[in-house]
Number of protein chains: 2
Amino acid sequence: MAIKEGLRPGGRSARVQESIHSAVNALLQEQERSTVTVPQIAARAGVTPSTIYRRWGDLAALLADVALARMRPDSEPANTGSLRGDIRAWAEQYLDEMSSEVGRNMMRDVQASATPGYCVAIIGAQLQTIVDRYPNEKTPSVDRLIDLVVAPVVFRILFSATALEVDELHRLIDIALRLD
Amino acid sequence: MAIKEGLRPGGRSARVQESIHSAVNALLQEQERSTVTVPQIAARAGVTPSTIYRRWGDLAALLADVALARMRPDSEPANTGSLRGDIRAWAEQYLDEMSSEVGRNMMRDVQASATPGYCVAIIGAQLQTIVDRYPNEKTPSVDRLIDLVVAPVVFRILFSATALEVDELHRLIDIALRLD
DNA sequence: CGCTTAAAGCAAATTCTTTGTGTTAAGGTC
DNA sequence: GACCTTAACACAAAGAATTTGCTTTAAGCG
């Protein structure tokens, strides 16, 4: 009797997950997302399909998991010295990362998953970090920033053929900073 | 030799499509979207699965088609007498329709389809109709309205557990109307 | 080292998807 | 209206993906 909550994340399990994640990323690089299948991923990862089905349930859940792993930031938002600068820098990078084919597909997969909210949590944390750098300024709430800056960026990526122009992004940031 | 562009939308074809659309809507009402399958729809519609695969390609495309059909407005946006009033009325109704379980799933299906932009086109046309009622006022562009009002509504529906509060919606509309 | 069991492997059963071929009926011509 | 042409559907067999029962491996303890 052991191990809290019956989880076993070490050793082989971790290796298999790593191997599967790599396989997914590699395949998404080489071919259309709609042509990627579970048996294909399994073969590439040197694993049985049933392993994937048992751990993730279905292809959509696996793709969402991989996408979220890639979205997890590996560094703090850049510090430019001003609130507007920090937000601009962060938003521009975000727009850039998500505007690509793979980026858009990542958004789609996360969105279709059971917990799309986790993605917002990550974004919110990043924005919170920025806002917290300026305790003496009147800053907009993170929710407001999400509504006025993140939402338009993501919406256009998901629904529109063309991504937001940087000019328009700056205008939206200015609107968000002109708090009321 | 006849028929422009080899389409044949009349008679049986139309009946089959209608039957399949009804079947989808009925099934989406009764069970989880993720449990709905093509063979199931086919059976309900009194049709062979291959008919569906040949016409739509896959389940996702069919669901998107059905969702778009339901999104197509059956009436003009309400005319309240003022720009703010019209936009509020429209946005509140939109928020309401899309906040439900089925509404959210419709958005997801359309978004995942090959032409999510068509959905924006419908929304844009509705907003354009409203804006055109006030040729003597300085009105925001439709794009701006989409960025500041529609995007947050949709984003929160897709990514957040809780929908936008009506209060916050009004605030966003006010921001959009305070043009610059 | 040995025990327990979560997680992976394997393979059969099931279900979904694709595809080849024949049939039905829309839409046009005379 | 009788008669073509062929798009769209039905049917059935082949192929692929998913599920499931059972076995084997090795992670995490004592």
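A, B, ... follow the sequence lines: proteins, then strands. Residue 1 opens every chain.
- Counting to the nearest Å, the P atom of D/dA17 and the CG atom of A/Leu59 are 11 Å from each other.
- One finds no salt bridge joining B/Glu168 and B/Arg156 here, because no Lys/Arg side-chain nitrogen approaches an Asp/Glu carboxylate oxygen to under 4.0 Å.
- Checked by atom type and distance alone, the side chain of B/Thr80 pairs as donor or acceptor with a backbone atom of B/Asp86 at under 3.5 Å.
- Here the closest non-hydrogen pair linking B/Ala64 and B/Asp109 is CB-O, 3.5 Å.
- If you take CZ of A/Arg12 and P of C/dT5, they are 17 Å apart, rounded to a whole angstrom.
- Atom CD of B/Gln40 and atom P of C/dT15 are 12 Å apart (whole Å).
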Table of protein N/O atoms under 3.5 Å from nucleotides 11-16 of chain D N/O atoms:
unit_1 : atom_1 : unit_2  : atom_2 : d
D/dC11 : N4     : B/Ser50 : OG     : 3.0

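- A straight line from CZ of B/Arg15 to P of D/dC9 spans 11 Å, rounded to a whole angstrom.
- Each of A/Leu127, A/Val110, A/Leu68 was compared with A/Ile122 under the side chain to side chain contact (heavy atoms under 4.5 Å, CB included) criterion, and only A/Leu68 meets it.
- Within the 3.5 Å criterion, the main-chain N or O of B/Ala125 finds a donor-acceptor partner in the side chain of B/Thr129.
- In this structure, B/Ile52 atom CD1 and D/dA10 atom C1' are separated by 13 Å, rounded to whole Å.
- For DNA chain C, none of the residues of residues 16-36 of chain B falls under the heavy-atom distance limit of 4.0 Å.
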